[in-house]
Amino acid sequence: MAEVFYDKDADLSVLEGLTVGVLGYGNQGRAWALNLRDSGVTVVVGNVRDEYWGKAEKDGFKVLDLDEASAVADLICLLLPDEVQPVVYREHVEGNLDRGKMLVFAHGFSIRYGLIKPPDFVDVALAAPRMIGSGVRRLYELGLGAPAFLAVKQDYTGEAWGRLLALAKALGFTRVGALKSSFEEETELDLFTEQAVMPVIIAAFMKAYEILSETGYSPEAIALELLASGELIEMFRQVCKRGLIGQLPLHSRTSQYGQLSRTRRFLKLIEDAMRLSLNEIRSGSFSAEWVSEQKGGYVRFRKLMENALNHPLCHAEARVKDKVKIPYDLL
Ligand code: NDP
């Protein structure tokens with residue numbers, strides 16, 4: 001069993017007298033800055049001078065250029081899009097790294113694939129929430145917290161774990177339990193979910209639509225049945241609470257038998273594709289592909305998105321949602 005850390009394992013006083021620099025004020029950045037401040041931590045926000053700068057100022061933060069924030073911060077949290085981090089690191093952070101500072105990431109991609117190579121005189125840590133930024137904030141405000149993976153890659157000071165646990169406590173992560181992991185494990189699991197699990201789900205809905213519409217079912221009825229009804233919201237809530245199979249008794253017995261008896265025929269079908277995705281992730285070939293896509297100006301990425309949005313299922317979803325008014329936020 002992986003080690004799990006709770007509030008009792010972390011000492012917030014470790015951060016007394018230290019400044020945490022939150023670089024980036026987007027999804028995670030805003031949530032982190034607000035949670036840390038509410039936990040009594042000294043925070044400065046670092047950003048380029050645009051819309052997010054104004055937002056951070058409006059929230060009452062001292063906002064600095066990325067260089068200045070990196071210079072004054074003892075703990076530097078890189079809460080920027082993963083593909084932007086290496087450039088910002090090279091141009092604004094690296095030159096401001098004094099001995100004993102700590103670099104903190106919310107996802108391990110840049111370190112796992114060597115896109116950022118910190119010097120050996122700093123600590124390098126990971127506090128990776130399994131929750132979108134708005135959820136990190138909302139749960140904290142409710143007195144709860146988001147679950148997270150924690151890891152230390154480099155412990156120059158000998159105090160990296162103490163600092164990381166204090167940070168995780170201030171963010172609310174240790175309220176519910178934060179799992180000890182590694183940059184490699186966190187990154188590879190996250191990419192695998194995105195590249196081997198989600199594609200199976202997306203492909204299943206697209207192929208289902210194609211087969212059912214070819215057979216003559218109405219596009220709007222298919223879209224309502226597959227996705228638009230909102231039934232999946234409730235179902236996945238129960239999956240999270242009761243477990244993938246534990247929630248099955250909430251369905252009719254016909255449904256339970258149908259699901260269980262037909263799952264096996266799909267297991268073999270998806271195995272090779274899943275293993276291929278895992279190999280691409282572990283060998284670094286996906287990361288090389290993604291870096292080259294960025295350098296080329298996201299041409300393929302944009303085309304893939306355009307094609308996906310043009311799938312007839314997306315059009316049918318929009319049509320049925322226009323007619324059948326479902327209160328998704330209340331589900
Ligand atoms: P966002 O896309 O929300 O980050 C936006 C911030 O990055 C803004 O402050 C923006 O500033 C700044 N930014 C964007 N481009 C640049 C640039 N070229 N130069 C300087 N600043 C830039 O990021 P997320 O919060 O989604 O992700 C941050 C980290 O958290 C990532 O490592 C991600 O993997 C991880 N993470 C994210 C989760 C999520 O829910 N989104 C969940 C768990 C982890 P401006 O626009 O003003 O330039």
Side-chain angles (χ1 to χ4, degrees), residues 20-36 43-59 61-70 73 75-94 96 103-116 118 124-140 145-151 153 164 167-168 171-173 176 178-179 181 183-195 198 281 286-287 290-291 294-295 297-298 301:
V20 176
V22 170
L23 303 195
Y25 203 69
N27 297 315
Q28 291 295 329
R30 181 166 190 266
W32 283 43
L34 292 168
N35 289 8
L36 291 171
V43 179
V44 294
V45 172
N47 210 79
V48 284
R49 283 180 187 270
D50 64 11
E51 170 196 343
Y52 287 93
W53 176 296
K55 203 169 178 191
E57 272 189 341
K58 225 170 165 185
D59 286 336
F61 286 104
K62 180 172 182 184
V63 191
L64 302 171
D65 289 329
L66 292 163
D67 278 279
E68 289 174 300
S70 307
L75 283 78
I76 303 172
C77 306
L78 277 105
L79 300 174
L80 306 150
D82 295 295
E83 65 270 30
V84 166
Q85 288 176 13
V87 181
V88 169
Y89 175 80
R90 265 194 309 278
E91 293 178 0
H92 305 285
V93 179
E94 197 170 21
N96 291 301
L103 281 173
V104 184
F105 294 82
H107 177 40
F109 194 91
S110 297
I111 294 290
R112 160 66 179 86
Y113 293 111
L115 306 173
I116 290 179
V124 182
L126 176 75
R130 296 297 86 173
M131 186 64 64
I132 58 173
S134 55
V136 168
R137 179 61 185 159
R138 195 170 51 81
L139 288 167
Y140 179 93
F149 289 130
L150 302 182
K153 182 76 179 170
L164 175 61
L167 191 78
L171 289 165
F173 300 163
V176 290
L179 225 76
S181 184
F183 276 72
E184 291 74 16
E185 182 176 74
E186 185 275 337
T187 305
E188 292 167 24
L189 288 181
D190 193 52
L191 295 182
F192 186 80
T193 308
E194 293 160 3
Q195 295 173 37
M198 291 313 295
I281 291 163
F286 169 77
S287 106
W290 179 223
V291 168
Q294 293 152 30
K295 286 192 178 139
Y298 301 101
F301 178 39

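Atoms within each ligand, like the ligands themselves, are counted from 1 in listed order. Position 1 is the first residue of the sequence; numbering continues from there.
At a 4.0 Å heavy-atom cut-off, ligand 1 does not touch V87 at all. Contacts between V84 and ligand 1, counted as non-hydrogen atom pairs separated by less than 4.0 Å, involve the side chain only. With a 4.0 Å heavy-atom cut-off, ligand 1 is reached by the side chain of D50 but not by its N, CA, C or O. Only the backbone of M131 comes within contact range of ligand 1, with a heavy atom under 4.0 Å; no side-chain atom does.
Residue nearest to atom 20 (C) of ligand 1, selected from T187, V88, D82: V88 (by heavy-atom distance). Atom 27 (O) of ligand 1 has its nearest heavy-atom neighbour, among L66, L80, N47, in L80. The option from G26, A128, S134, P81 that lies nearest to atom 2 (O) of ligand 1, judged by heavy atoms, is P81. Closest heavy-atom approach to atom 41 (N) of ligand 1 within the set L78, V45, N27, L23: this belongs to N27.
Atom 10 (C) of ligand 1 has its closest protein heavy atom at Y52 CD1, 4.0 Å. Nearest protein neighbour of atom 37 (C) of ligand 1, counting heavy atoms only, is Q28 CG, 3.6 Å. Among protein heavy atoms, atom 40 (O) of ligand 1 sits closest to I132 CA, 3.1 Å. Protein heavy atom closest to atom 35 (C) of ligand 1, with residue, atom name and distance, is A106 CB, 3.8 Å. With hydrogens left out, the protein atom closest to atom 48 (O) of ligand 1 is V48 CG2, 3.0 Å, a heavy atom.
Each of the atoms 31 (C), 32 (O) of ligand 1 lies under 4.0 Å from some heavy atom of Q85. Taking every non-hydrogen atom of G133 and a distance limit under 4.0 Å, the qualifying atoms of ligand 1 come out as 40 (O). Those atoms of ligand 1 that come under 4.0 Å of a heavy atom in G24, given as number and element, are 9 (O). Close contacts between ligand 1 and P129 involve ligand atoms 43 (C) [criterion: under 4.0 Å to a heavy atom].
Between E83 and Y298 there is a side-chain heavy-atom pair separated by less than 4.5 Å. Annotation: side chain of V136 is in contact with side chain of Q28 (closest heavy-atom distance under 4.5 Å). For the pair Y25/D59, a side-chain contact is recorded, criterion being any heavy-atom separation below 4.5 Å from C-beta on. Counting heavy atoms from C-beta outward, W53 and V45 have side chains that stay 4.5 Å or more apart. Looking at heavy atoms from C-beta onward, L126 lies out of side-chain contact with S181 at the 4.5 angstrom threshold.
Note: no N/O pair closer than 3.5 Å links E51 and ligand 1 by distance alone.
E186 places no side-chain N or O within donor-acceptor distance of the main-chain N or O of F149, the cut-off being under 3.5 Å.
The pair E57-R49 does not meet the salt-bridge criterion, since no charged nitrogen lies less than 4.0 angstrom from a carboxylate oxygen.
Residue L167 holds its CG atom at 5.5 Å from CG of L36, rounded to the nearest 0.5 Å. Rounding to the nearest 0.5 Å places CG of L191 at 5.0 Å from OH of Y113. Note: Y89 OH to L66 CG = 14.5 Å, rounded to the nearest 0.5 Å.
Between H107 and F109, the two ring planes are tilted [angle within 30° to 60°].
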